[in-house]
Amino acid sequence: MKSDEKRPCLIGKNLDQKAVFHGWVEVSQIVPPAVTIGGHGGGVVKDVCAVVEAEDGTVCEVMVDKIKFLDSEDMFSAVYHEK
């Protein structure tokens, strides 16, 4: 797969919305220290999301467990069954 190639996928809670995958992005959120004595010292929470484009043209971030690629079978066949 070329790096500029877009992959078809399904997204959403029920994996019922068509979309095109554009890439991965790391998102982070700063967590402030707890105000109570002995609480956590704060920090950063990070996660990885997919950037996808829906059929109506909207672009959004999708959690990794809410995306299913539709070309996986062909891609894996090409990678693992090359002659």
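One is the number of the first residue; the rest follow in order along the sequence.
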Going by heavy atoms in the side chains, are [X] and [Y] under 4.5 Å from each other?
X: L10; Y: L70; result: yes
X: R7; Y: V20; result: no
X: V44; Y: Q29; result: no

Hey, quick one: are V64 and F69 part of the same hydrophobic cluster, counting side-chain heavy atoms closer than 4.5 Å, chains of contacts allowed?
-> yes
Are V27 and I30 connected in the hydrophobic side-chain network, where two residues link if heavy atoms are under 4.5 Å apart?
-> no
What pairs with E53 under side chain to side chain contact (heavy atoms under 4.5 Å, CB included), at least two apart in sequence or on another chain?
-> H22, V59
Please report the closest heavy-atom contact between V52 and F21, naming both atoms and the distance.
->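 In terms of heavy atoms, the two residues are closest at CG1-CA, 4.0 Å.
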Measure across I67 and L15 and return the closest heavy-atom pair with its distance rounded to 0.1 Å.
->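 Answer, listing the atom of I67 first, then L15: N-CD2, 3.8 Å.
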Approximate separation, where rounding is to 0.5 Å, of [X] [atom1] and [Y] [atom2]:
X: D16; Y: K68; atom1: CG; atom2: NZ; answer: 12.0 Å
X: C49; Y: M63; atom1: SG; atom2: CE; answer: 4.5 Å
X: K46; Y: E26; atom1: NZ; atom2: CD; answer: 4.5 Å

Backbone of A54 reached by a side-chain donor or acceptor of T58 within 3.5 Å |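 Checked: no pair found.
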